[in-house]
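Only one structure is covered here, and it is reproduced in the block below.
Just so you know, residue 1 is the first one in the sequence shown, and it goes up from there.
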Amino acid sequence: MKHLLSVEDLGADGLDDMLRVTDSFVEVGERAIPKVPALRGKTVVSLFYEDSTRTRLSFETAAKRLSADTMNFSVSTSSVKKGESLRDTVETIEAMGVDAIIVRHSSSGVPWQVASWVDASVINAGDGWHEHPTQALLDCYTIRQARGSLEGLRIAIVGDIKHSRVARSDVLAFTLLGASVVLVAPPTLLPPSLEGWPVEVSHDLDEVVPKADVVYLLRMQKERMTEALLPSLREYTARYGLTVSRAAQLQESAIVMHPGPMNRGVEIAAEVADLPRSVITQQVRNGVAVRMAVLYMLLGSGVDLTHGSGTDRAA
Ligand code: NCD
């Protein structure tokens, strides 16, 4: 596999392989010196046209733990501000000799375009409302860690589905691994058509919560909303927020997830985000290992992971 643009590039077997490789990198992360020489001599650049805390830092940490060289491109301080086109920017970066380009952009499809212009591997770190495959991988990994397997689980994805690339990639990945997904949102925050989505839909969170194995909350993405889709945030919270009283209805073994950044008090009560059953910090932690697995699988030089010494002779 050369690029990771969509969950569909992986399929069920590819997802499984990636999660298995992630296990080795979780182990690397637990070492005193969490670094291996697997990508020595490779250069990874992140090209982020949209804001990010977790995804950008996570990819950067992952690349560094694999001993790759990293470059960071920030739109706000680049020649994009002087009007340089995406294509010229990408070709400039490639001319410097890079092995992987990690792309985040507000328009759907940009990572595919970039992949058609360059020889380097391209990883989609979020394109518009469309996809965010590494988020789906880390979510699957986190669910497996907590519940053993996704097979037969009932997963509720709650909130602003319409604008969510996380929801699109998660629905694909969760169902490929055997879970059933119910989307819970007001009609205005669902995509206009759900044809072809292997999901159920509900508008009643109180009915869904007691039956769910996983409740996955999405951020209210105000920056993507072009029209008034909600009467008020307070009303949203009352009907669709995971409040303390709703969380009390969860099954003993159920877990709560969120991709971050959270709006505490809107889609999730502050206290609920801090419950032991909330695996939100675990998601972030696993994100690094998952992205190490992705970079390794795309760029890997064939170094046998099991022979890592735990001390980085490359550094
Ligand atoms: C999300 C994103 O940017 O797609 N965050 C993330 O990558 N963890 C979700 C969001 O912005 O709400």
Side-chain angles (χ1 to χ4, degrees), residues 4 7 10 15-36 38-39 44 46 48 51-68 70 102 104 123-126 132-150 153 155 157 165-166 169-170 173-174 177 179 213-219 242 253-264 267-268 270-298 305 308 310 312:
L4 177 59
V7 167
L10 292 164
L15 274 170
D16 226 56
D17 287 348
M18 206 60 94
L19 299 181
R20 219 153 2 86
V21 176
T22 301
D23 272 330
S24 336
F25 289 117
V26 166
E27 186 270 312
V28 169
E30 287 161 358
R31 296 181 189 169
I33 299 175
K35 201 163 173 175
V36 289
L39 295 190
V44 176
S46 50
F48 276 49
D51 297 342
S52 168
T53 303
R54 271 151 288 273
T55 307
R56 182 199 276 272
L57 291 177
S58 179
F59 268 113
E60 194 172 332
T61 308
K64 291 195 158 124
R65 288 187 176 176
L66 292 166
S67 305
T70 56
I102 299 157
R104 169 170 284 196
I123 301 171
N124 182 358
H132 193 351
T134 58
Q135 180 72 42
L137 277 164
L138 75 89
D139 289 335
C140 289
Y141 191 85
T142 306
I143 298 172
R144 272 203 185 171
Q145 213 173 34
R147 300 293 309 254
S149 156
L150 276 78
L153 293 188
I155 304 180
I157 303 181
R165 53 195 174 209
V166 172
S169 288
D170 272 351
F174 294 167
L177 295 181
D213 296 296
V214 178
V215 177
Y216 195 109
L217 302 155
L218 295 170
R219 182 174 67 89
L242 192 60
S253 58
I255 57 170
V256 174
M257 302 177 75
H258 193 301
M262 284 186 272
N263 292 308
R264 284 181 187 248
E267 66 268 5
I268 185 166
E271 301 87 329
V272 174
D274 298 328
L275 291 174
R277 65 163 84 244
S278 289
V279 293
I280 299 164
T281 312
Q282 204 54 43
Q283 286 172 271
V284 176
R285 196 169 302 128
N286 290 334
V288 175
V290 155
R291 290 174 175 120
M292 287 174 82
V294 169
L295 287 167
Y296 179 77
M297 295 292 265
L298 297 183
L305 293 174
D312 182 26

Grab the two heavy atoms, one from His132 and one from Gly126, that are nearest each other, plus how far apart they are. ND1-N, 4.1 Å

Could you walk me through whether Asp16 and Leu10 pass the side-chain contact (heavy atoms from CB on, under 4.5 Å) check? CA-CA 9 Å; Asp16 226 56; Leu10 292 164; over 6 Å; no

How long is the span from the CZ atom in Arg104 to the OG atom in Ser46, to the nearest 0.5 Å? 11.0 Å

Locate the shortest heavy-atom distance separating Cys140 from Ala173; write the atom from each residue and the value. SG-CB, 3.7 Å

Only one of Leu19, Ile143, Leu153 passes side-chain contact (heavy atoms from CB on, under 4.5 Å) with Leu177, and that residue is Leu19

Let me see the working for Asp139 and Val166 under side-chain contact (heavy atoms from CB on, under 4.5 Å), right down to the final yes or no. CA-CA 10 Å; Asp139 289 335; Val166 172; 4.2 Å; yes

For the residue pair Met262 and Ala273, what are the closest heavy atoms and their distance? SD-CB, 3.7 Å

Ignoring hydrogens, what is the shortest heavy-atom contact between Glu267 and His258? Give both atom names and the distance. OE2-NE2, 2.8 Å

Could you tell me whether Asp51 atom CG has more than 12 heavy atoms of other residues or ligands within 6.0 Å of it? no

Are Ile123 and Phe59 side-chain neighbours, meaning at least one heavy-atom pair lies under 4.5 Å? yes

Grab the two heavy atoms, one from Arg65 and one from Gly29, that are nearest each other, plus how far apart they are. NH1-CA, 4.2 Å

Can you measure from CG (Leu295) to CG (Leu66) and round to the nearest 0.5 angstrom? 6.0 Å

Partner of Val256 under side-chain contact (heavy atoms from CB on, under 4.5 Å), chosen from Leu217, Val279, Val214: Leu217

Could you tell me if the side chain of Val294 sits less than 4.5 Å from the side chain of Met18, heavy atoms only? yes

Could you measure the distance from the CG atom of Leu138 to the CZ atom of Arg54? Nearest 0.5 Å is fine. 10.5 Å

Distance check, rounded to the nearest 0.5 Å: Arg291 atom CZ versus Thr22 atom OG1? 10.5 Å

If we only count heavy atoms from C-beta on, is the Ile33 to Arg31 side-chain gap below 4.5 Å? no

To the nearest 0.5 Å, what is the distance between CD on Gln282 and OH on Tyr141? 9.0 Å

Tell me if a side-chain donor or acceptor on Ser67 pairs with a main-chain N or O of Val36 at a distance below 3.5 Å. yes

Answer whether the closest heavy-atom distance between the side chains of Leu4 and Thr134 falls below 4.5 Å. yes

First locate atom OG of Ser169, then atom CG of Asn124, and finally report the distance between them rounded to the nearest 0.5 Å. 7.0 Å

From CA spacing to verdict: side-chain contact (heavy atoms from CB on, under 4.5 Å), Ile157, Phe174: CA-CA 11 Å; Ile157 303 181; Phe174 294 167; 4.2 Å; yes

Side-chain ion pair, Asp23 and Arg144, N-O less than 4.0 Å: no

Go through Val288 and Arg285 one step at a time and tell me if the side-chain contact (heavy atoms from CB on, under 4.5 Å) criterion holds. CA-CA 6 Å; Val288 175; Arg285 196 169 302 128; over 6 Å; no

Salt bridge or not between Asp170 and Arg165? Use side-chain N to carboxylate O under 4.0 Å. no

Might you point out which heavy atoms bring Met297 and Val21 nearest each other, and give the distance in Å? SD-CG2, 3.8 Å

Is the closest side-chain heavy-atom distance between Tyr216 and Gln283 below 4.5 Å? yes

